[in-house]
Undergrad: 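Structure below; questions to follow.
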Amino acid sequence: MQKFLLRLVAARGGFFVITGEQYKRSLDDGRRIFLEGKRITDLCTEPTFAAAVDWTARGYDRFYDSTPGATNPLMEAPASREELNERATDVRDTDMLTNTTYQSLMTLVTVAPTLGRHHPELAERIHEYRRTCLAEDLRIAECITDAKGDRSLSPGKQSDPDSYVHVVERRKDGVVIRGAKLHITGAALAHELMVLPTKRMSPGEEDYAIACGVAVNTPGVRVINTTYAPRSEDDRHFPITRIENMPDGFVIFDDVFVPNERVFMDGLVEHSATFAHSLGLWERLGGTALMADEADLLVGLAQLIAEANGLSRVEHVREKISELIVYATLIRAGLEAAILHAHTTDDGFLFPDELYTNAAKFHGASQYNTMVRHLHDIAGGGVLTAPTIADLENPELAPFVEKYMRTSPDVSAEYRMRLFHAIRDLTADAFGGWHFVTNLQSGGGLYAQRLVTRKHYDMERAKKIAKHAAGVDQVG
Ligand SMILES: Cc1cc2nc3c(=O)[nH]c(=O)nc-3n(C[C@H](O)[C@H](O)[C@H](O)COP(=O)(O)OP(=O)(O)OC[C@H]3O[C@@H](n4cnc5c(N)ncnc54)[C@H](O)[C@@H]3O)c2cc1C
């Protein structure tokens with residue numbers, strides 16, 4: 001892959017943006033990708049990967065630019081609130097790997113000045129890596145979550161030292177790392193794995209304080225995948241996931257050599273959490289933006305199916321839809337506040353506010369299951385049992401499906417069935433299950449979002465207000 005891309009760089013004289021077709025060809029680079037025990041050699045034709053590859057390729061085509069020196073404009077760091085807002089909108093309209101790449105690059109932009117205050121040479125390496133990713137229009141997967149072993153023990157105290165990714169050998173020209181990063185979205189289809197420590201390391205755990213960039217086809221890297229891609233010959237009743245799905249990967253680093261120029265940090269326990277905090281922030285902003293749109297989709301589906309069922313004026317249905325509206329509105333309010341209260345790095349780039357980002361992500365994630373419950377409650381059992389479009393096309397079945405799925409002269413069977421299919425696909429099938437868990441766990445889980453929200457909340461101000469209300473400002 002790297003050779004293919006480097007040839008392209010040379011031919012095009014520097015920076016360039018590639019096409020979807022070129023992206024597809026770049027995946028044929030010897031990477032070791034597995035699904036259900038078998039190695040996949042052609043990712044583009046493997047049925048359960050093809051839609052994810054196409055989705056990513058469309059993201060490339062959208063920003064293709066043949067101008068020499070062009071880069072993907074989405075990947076430029078925002079220098080104003082307007083740009084931060086625009087990026088949040090544009091990124092969530094593209095594919096998942098464009099999202100993870102944007103979040104990864106923004107993490108590097110945010111971390112570099114902090115690290116650079118004490119280690120300017122590392123900041124320069126980070127900038128150089130970012131420039132390379134931009135120049136070659138690479139896609140990046142975020143590799144943070146370690147296997148972690150016994151959660152009550154720190155990395156250095158695990159019975160298996162490989163429970164967290166760590167350095168097993170230091171050479172003059174680089175380091176050798178071992179371990180695994182789990183649940184990594186899009187790892188199989190990215191070019192780069194951005195490997196970061198999952199949490200703060202303590203003195204004595206220097207080998208675990210490793211942050212680096214690893215190409216997916218580096219010897220020793222293997223990716224074991226799971227996917228919620230529809231496994232149906234006729235996928236028309238999966239209107240959402242037939243187009244948008246992405247495998248998650250269990251990424252193994254079996255003594256992988258990383259050259260010095262790709263090592264962003266090694267052994268600096270005092271900075272070990274800087275990367276995770278920064279990625280967590282960008283990941284949660286991205287998650288909040290996606291949840292804001294998805295919440296509107298939940299509202300729309302609830303209203304449409306209530307209307308199709310003839311129940312939109314019924315009191316309890318209206319109340320549930322009102323609750324969905326409040327849910328959707330508060331996520332969007334949090335997202336907008338996070339951008340409005342953005343901060344600036346020493347390099348002049350914008351990053352979202354921690355308090356609003358984390359509170360909004362927590363709100364969206366923690367209430368999601370209840371909102372889906374409302375949608376299922378309103379919609380009825382057709383969510384699971386509505387016949388398929390193919391049934392409607394079968395001349396023997398069509399009159400019956402039409403007759404019994406129709407609810408009134410104005411609501412056809414096909415219209416109502418397609419609503420049920422969309423609700424099932426989004427919330428009650430393979431993707432629905434994936435979503436239930438992912439909304440809770442992504443971005444470090446609810447616990448992490450609560451913790452960061454609390455850390456950035458102005459508790460002293462709240463105490464002052466409470467003391468004043470209680471009339472105890474002056475009482476010791
Ligand atoms: C579909 C999916 C996609 C994901 N994509 C990515 C990705 O692209 N990149 C990436 O790096 N990660 C990714 N994640 C991982 C996600 O961030 C983790 O799942 C999450 O951080 C929880 O870690 P865990 O799964 O190991 O569960 P655990 O660590 O076992 O956590 C389970 C529960 O235990 C709590 N817990 C764990 N340890 C402690 C402790 N010491 N003290 C108190 N409570 C504790 C947690 O808060 C949580 O509530 C993804 C996850 C999913 C499900």
Side-chain angles (χ1 to χ4, degrees), residues 52 56 95-107 139-158 160 163-165 179-202 205 208 210-214 216 223-229 241 244-253 272-273 275-287 290-291 294 358 361-362 365-366 368-369 429-454:
T56 312
D95 61 285
M96 187 92 82
L97 266 178
T98 296
N99 268 271
T100 58
T101 303
Y102 173 73
Q103 288 161 14
S104 300
L105 293 176
M106 292 314 114
T107 299
R139 292 295 179 264
I140 308 171
E142 307 160 345
C143 288
I144 296 223
T145 309
D146 289 282
K148 294 187 289 201
D150 181 338
R151 271 70 173 150
S152 68
L153 301 175
S154 60
K157 299 215 168 78
Q158 297 290 332
D160 183 343
S163 297
Y164 287 75
V165 168
K181 295 284 188 183
L182 309 192
H183 333 295
I184 308 306
T185 300
L189 304 185
H191 302 112
E192 286 288 321
L193 305 165
M194 194 175 77
V195 180
L196 308 178
T198 200
K199 61 180 189 181
R200 182 181 303 283
M201 301 298 164
S202 307
E205 294 177 333
Y208 295 93
I210 176 75
C212 54
V214 177
V216 177
V223 186
I224 305 174
N225 292 274
T226 54
T227 173
Y228 52 85
T241 53
E244 298 185 358
N245 66 68
M246 188 54 59
D248 296 303
F250 191 114
V251 183
I252 299 161
F253 298 91
S272 51
F275 287 91
H277 283 163
S278 178
L279 182 69
L281 175 62
W282 285 101
E283 209 283 333
R284 287 169 207 154
L285 184 80
L290 285 172
M291 279 196 296
E294 198 177 83
N358 280 276
K361 175 70 171 57
F362 178 85
S366 61
Y368 177 74
N369 294 11
D429 213 310
F431 178 60
W434 180 90
H435 225 355
F436 266 134
V437 178
T438 308
N439 261 358
L440 288 181
Q441 299 293 356
S442 69
L446 293 182
Y447 170 63
Q449 289 144 41
R450 254 196 313 256
L451 210 69
V452 183
T453 304
R454 189 188 165 104

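Quick note: numbers below take in every heavy atom, side chains included, and nothing from hydrogens, waters or symmetry partners. Counting convention: from 1, in listed order, for ligands and their atoms alike.
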Undergrad: Determine, counting only non-hydrogen atoms of the protein, whether one lies under 4.0 angstrom from atom 8 (O) of ligand 1.
TA: yes

Undergrad: Protein heavy-atom contact under 4.0 Å for atom 28 (P) of ligand 1?
TA: yes

Undergrad: Can you tell me the protein heavy atom closest to atom 23 (O) of ligand 1 and the distance?
TA: Lys148 NZ, 3.0 Å

Undergrad: Provide the number and element of each atom of ligand 1 under 4.0 Å from a heavy atom of Ile184.
TA: 7 (C), 8 (O), 9 (N), 10 (C), 11 (O)

Undergrad: Only one of Thr145, Thr198, Asp146 clears side-chain hydrogen bond (donor to acceptor under 3.5 Å, both in side chains) with Lys181; which?
TA: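 With Lys181 as partner, Thr145, Thr198, Asp146 yield a single side-chain hydrogen bond (donor to acceptor under 3.5 Å, both in side chains), made by Asp146.
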
Undergrad: Any N or O of His183 that comes nearer than 3.5 Å to an N or O of ligand 1?
TA: yes

Undergrad: Less than 4.0 Å between atom 43 (C) of ligand 1 and some protein heavy atom, yes or no?
TA: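 No; the ligand atom in question lacks any protein heavy-atom contact below 4.0 Å.
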
Undergrad: Run the numbers for me: atoms of ligand 1, each under 4.0 Å from some heavy atom of Glu142, listed by number.
TA: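 This gives 7 (C), 8 (O), 9 (N), 10 (C), 11 (O) as the contact atoms.
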
Undergrad: Are any of the N/O atoms in Ser152 less than 3.5 Å from those in ligand 1?
TA: no

Undergrad: Pick, from Leu153, Val195, Thr438, the option with the minimum heavy-atom distance to atom 1 (C) of ligand 1.
TA: Thr438

Undergrad: Output, in order, the C-alpha distance, side-chain angles, deciding distance and verdict of side-chain contact (heavy atoms from CB on, under 4.5 Å) for Ile140 and Thr100.
TA: CA-CA 6 Å; Ile140 308 171; Thr100 58; 5.7 Å; no

Undergrad: Is there side-chain contact between Arg284 and Met291, with heavy atoms separated by less than 4.5 Å?
TA: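 Side-chain contact under 4.5 Å: no.
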
Undergrad: Which ligand 1 atoms are under 4.0 Å away from a heavy-atom of Asp248?
TA: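 Here the atoms of ligand 1 in question are 1 (C), 3 (C).
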
Undergrad: Please list the nearest protein heavy atom to atom 41 (N) of ligand 1 with its residue and the distance rounded to 0.1 Å.
TA: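 Of every protein heavy atom, Arg151 O, 3.1 Å lies nearest to atom 41 (N) of ligand 1.
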
Undergrad: Using protein heavy atoms only, decide if any is under 4.0 Å from atom 20 (C) of ligand 1.
TA: yes

Undergrad: Step by step, would you call Val452 with His277 a side-chain contact (heavy atoms from CB on, under 4.5 Å)?
TA: CA-CA 9 Å; Val452 183; His277 283 163; 5.7 Å; no

Undergrad: Considering both backbone and side-chain atoms of Ile144, is one of its nitrogen or oxygen atoms within less than 3.5 Å of a nitrogen or oxygen in ligand 1?
TA: yes

Undergrad: Give me the nearest non-hydrogen protein atom to atom 12 (N) of ligand 1 as residue plus atom name, then the distance to 0.1 Å.
TA: Thr145 OG1, 2.7 Å

Undergrad: Give the atoms of ligand 1, by number and element, whose distance to some non-hydrogen atom of Tyr447 is under 4.0 Å.
TA: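 Selected atoms, number and element: 47 (O).
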
Undergrad: Side chain or backbone, does Ser442 bring an N or O within less than 3.5 Å of an N or O on ligand 1?
TA: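 N/O-N/O distance under 3.5 Å: no.
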
Undergrad: Starting from the C-alpha separation in whole Å, work towards a yes-or-no answer on side-chain hydrogen bond (donor to acceptor under 3.5 Å, both in side chains) for Ser163 and Asp160.
TA: CA-CA 6 Å; Ser163 297; Asp160 183 343; 5.0 Å; no

Undergrad: Flag atom 25 (O) of ligand 1 as yes if some protein heavy-atom distance to it falls below 4.0 Å, otherwise no.
TA: yes

Undergrad: Side chains of Ile252 and Ile224: does their closest heavy-atom pair fall under 4.5 Å?
TA: yes

Undergrad: The test is side-chain contact (heavy atoms from CB on, under 4.5 Å); show your working for Arg139 and Leu189 and say whether it passes.
TA: CA-CA 8 Å; Arg139 292 295 179 264; Leu189 304 185; over 6 Å; no

Undergrad: Could you tell me whether atom 46 (C) of ligand 1 has a protein heavy atom closer than 4.0 Å?
TA: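 Flag for atom 46 (C) of ligand 1 set to false, no protein heavy atom closer than 4.0 Å.
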
Undergrad: Short check: is a protein heavy atom less than 4.0 Å from atom 49 (O) of ligand 1?
TA: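 No, no protein heavy atom sits under 4.0 Å from atom 49 (O) of ligand 1.
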
Undergrad: Considering heavy atoms of the protein only, find what lies nearest to atom 33 (C) of ligand 1 and give residue, atom and distance to 0.1 Å.
TA: Gln441 NE2, 4.8 Å

Undergrad: Is at least one protein non-hydrogen atom found at under 4.0 angstrom from atom 4 (C) of ligand 1?
TA: yes

Undergrad: Under the side-chain contact (heavy atoms from CB on, under 4.5 Å) criterion, do His183 and Phe250 qualify, and how do the steps go?
TA: CA-CA 6 Å; His183 333 295; Phe250 191 114; over 6 Å; no

Undergrad: With Asp248, which residues qualify under salt bridge (charged side-chain N to carboxylate O under 4.0 Å, His left out), at least two apart?
TA: none

Undergrad: Taking the six-membered ring for Trp, are Tyr368 and His435 ring centroids under 6.0 Å apart?
TA: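 Distance test on ring centres: under 6.0 Å, yes.
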
